[in-house]
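What follows is a short report on a single structure.
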Amino acid sequence: MIVNLIDGTYELFRTYFGAPSAESDGHEIGATRALLRSFAMFLREPETTHVAVAFDTVIESFRNAMFAGYKTGEGIDPSLLSQFPLAERATRALGMVTWSMVEFEADDALATFAAIAAKDDSVEQVRICTPDKDLCQCVLGERVVTYDRKKKVATGEAGVIARLGVRPSRVPALLALVGDTADGIPGISRWGERSSAAVLSRFENVRAIPDEAKDWGVSLRGAEALARELKNAREEALLYEKLATLRLDVPLKETLEELRWKGPNWPELEKLCAELRAPDVLERLRT
């Protein structure tokens, strides 16, 4: 079987910025309607047998207590934020296991279940459906991959190395050094993707990188300046790496078998499709 774990937050953002605006009873529904149609098509694909979706029901998480600059819901259009409950209602109506994250982030839920599913011999592949580089740290050979649903492209370990220049396990260290503006991680001054990848080709994590550039074993222009910057901001870099490391201990109650898609909750879906003016979804799932 193939286990599909979907980043619902990314999907809702994508449809919000890509789908036409629409209102129902004075509320914006365009992104949710597009999401509903997209997921209905996905559920009709032959390989979609086991599926779950995770949302950042609350944008803030435990990481905000660790670092004041970490991402919040500030600046997000209210008409997008207001659709999170509706989007979660839509996925549940479709019969998809839905994880609504409050203390943890959606990425933590996806990472946790990916690690669980990868240990099951009945699983052929785990697909984490997102192009987000954060989740590349979960990739394991070709057994656990990230998957871009729009492009229908899977990225395994070789693909992560080609894209980011480091092995999956070193992605948190890369994000700590380079920074991740989407998550509010500032990174370390002077450290870019190329220099960070070069150093992390030799060292597993931030703590393992020596203070002196002469001990790195790589030839880099401006290495001494990079070493000084890291030495002066070592504690910050370690914190950023911790922020970028996904948790694998989210208390998810569902078993692998419970992710098997058994069809929609028809009464709820019929009601929702009427509200969203999307009768085509019912037709698509009934044929």
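Values below: all heavy atoms of this structure, side chains included; hydrogens, waters and symmetry mates excluded. For this chain, numbers begin at 1 and follow the sequence in order. Owing to the predicted nature of the structure, the values given are computational and were not obtained by experimental measurement.
- In terms of heavy atoms, Ala106 sits closest to Asp56 at N-OD1, 2.8 Å.
- Contact between Val166 and Val160 at its shortest, heavy atoms only, is O-CG1, 3.7 Å.
- When all heavy atoms of Cys138 and Val144 are compared, the pair lying nearest together is O-CG1, 3.3 Å.
- To the nearest 0.5 Å, atoms CZ (Phe13) and OG1 (Thr9) are separated by 7.0 Å.
- Contact annotation: the side chain of Val126 never approaches that of Arg143 to less than 4.5 Å [non-hydrogen atoms, C-beta and beyond].
- Note on Arg63 versus Asp108: salt bridge recorded, some NZ/NE/NH1/NH2 to OD/OE distance being below 4.0 Å.
- No more than 12 heavy-atom neighbours from other residues, nucleotides or ligands sit within 6.0 angstrom of CD on Glu193.
- Shortest non-hydrogen contact noted between Gly73 and Ile59 is N-CG2, 3.6 Å.
- A donor-acceptor contact shorter than 3.5 Å is absent between the side chain of Ser122 and the backbone of Met1.
- Atom CZ of Arg286 has more than 12 neighbouring heavy atoms from other residues, nucleotides or ligands inside a 6.0 Å radius.
- With salt bridges taken as basic N to acidic carboxylate O contacts below 4.0 Å, none links Lys150 and Asp148.
- Tracing side-chain contacts under 4.5 Å through hydrophobic residues (I, L, V, M, F, W, Y), one reaches Leu43 starting from Trp266; they form part of the same cluster.
- The nearest pair of heavy atoms linking Leu256 to Ala117 is CD1-CB, 4.4 Å.
- Residues Arg234 and Val206 have side chains in contact (heavy-atom distance under 4.5 Å, counting atoms from C-beta outward).
- Formation of a donor-acceptor pair under 3.5 Å by the Arg127 side chain with backbone atoms of Tyr147 is not found in this model.
- With a 6.0 Å cutoff to the six-membered ring centre and a 45° limit on the axis angle, Arg247 counts as a cation-pi contact of Phe62.
- Linking ILVMFWY residues whenever their side-chain heavy atoms come closer than 4.5 Å, directly or via other members, leaves Tyr70 and Val58 in distinct clusters.
- The shortest heavy-atom contact between Tyr240 and Ile188 is CE1-CD1, 4.0 Å.
- Ion pair Arg207/Glu235 not flagged as a salt bridge, since none of the NZ, NE, NH1 or NH2 atoms sits closer than 4.0 Å to an Asp/Glu carboxylate oxygen.
- No path of Ile, Leu, Val, Met, Phe, Trp and Tyr side chains, each step under 4.5 Å between heavy atoms, connects Ile2 with Leu94, placing them in separate hydrophobic clusters.
- With Thr32 as the fixed residue, the side chain to side chain donor-acceptor pair (under 3.5 Å) test singles out one of Glu275, Gln83, Glu88: Gln83.
- Environment of NZ in Lys152: sparse, with no more than 12 heavy atoms of neighbouring residues, nucleotides or ligands closer than 6.0 Å.
- Not one N or O on the side chain of Asn4 forms a donor-acceptor pair closer than 3.5 Å with the backbone of Ala52.
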Problem set entry | ring-ring contact (aromatic ring centres under 6.0 Å, His included) between Trp99 and Phe113, intermediate numbers included | CA-CA 11 Å; Trp99 297 316; Phe113 204 88; 5.5 Å; yes

For this session: Step by step, work out the salt bridge (Lys or Arg N to Asp or Glu O under 4.0 Å) result for Arg149 and Glu45.
Result: CA-CA 12 Å; Arg149 290 201 315 115; Glu45 295 178 6; 5.8 Å; no

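- Taking a 6.0 Å sphere around CZ of Arg194, one finds it holds 12 or fewer heavy atoms contributed by other residues, nucleotides or ligands.
- The shortest side-chain heavy-atom distance between Asp7 and Phe55 does not fall under the 4.5 Å cut-off.
- The backbone N or O of Thr48 sits nowhere less than 3.5 Å from a side-chain atom of Trp261 that would complete a donor-acceptor pair.
- For Arg33 and Glu28, the salt-bridge test fails: no basic side-chain N is under 4.0 Å from an acidic carboxylate O.
- Under the 4.5 Å side-chain criterion, counting only non-hydrogen atoms from C-beta, Val51 is in contact with Ile6.
- A donor-acceptor pair is defined here as one N or O able to donate and one able to accept, closer than 3.5 Å; no such pair exists between the side chain of Thr72 and the backbone of Glu60.
- In the displayed structure, Arg190 atom CZ is contacted under 6.0 Å by at most 12 heavy atoms of other residues, nucleotides or ligands.
- The pair Asp211-Arg228 fails the salt-bridge criterion, with no side-chain N (NZ, NE, NH1 or NH2) lying under 4.0 Å from an Asp/Glu carboxylate O.
- Taking 4.5 Å as the limit, every side-chain heavy atom of Phe84 sits out of range of all side-chain heavy atoms of Ile76.
- Within a 6.0 Å sphere centred on CE of Met66, heavy atoms belonging to other residues, nucleotides or ligands number more than 12.
- Counting non-hydrogen atoms of neighbouring residues, nucleotides and ligands closer than 6.0 angstrom, the CD atom of Glu257 exceeds 12 such neighbours.
- Of the candidates His50, Arg260, Glu254, Glu254 is the only one forming a side-chain contact (heavy atoms from CB on, under 4.5 Å) with Val97.
- Between Val3 and Asp120, every side-chain heavy-atom pair lies at or beyond the 4.5 Å cut-off.
- Of the possible polar contacts, one joining the Glu157 side chain to the Gly141 backbone as a donor-acceptor pair under 3.5 Å is found.
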Problem set entry | Stepwise salt bridge (Lys or Arg N to Asp or Glu O under 4.0 Å) check, Glu268 with Lys271 | CA-CA 5 Å; Glu268 287 298 320; Lys271 181 180 178 181; 5.6 Å; no

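- Tyr10 has its side chain within reach of Pro131: a pair of non-hydrogen atoms, C-beta onward, lies under 4.5 Å apart.
- Salt bridge Arg170/Glu204: present, at least one basic N to carboxylate O contact under 4.0 Å.
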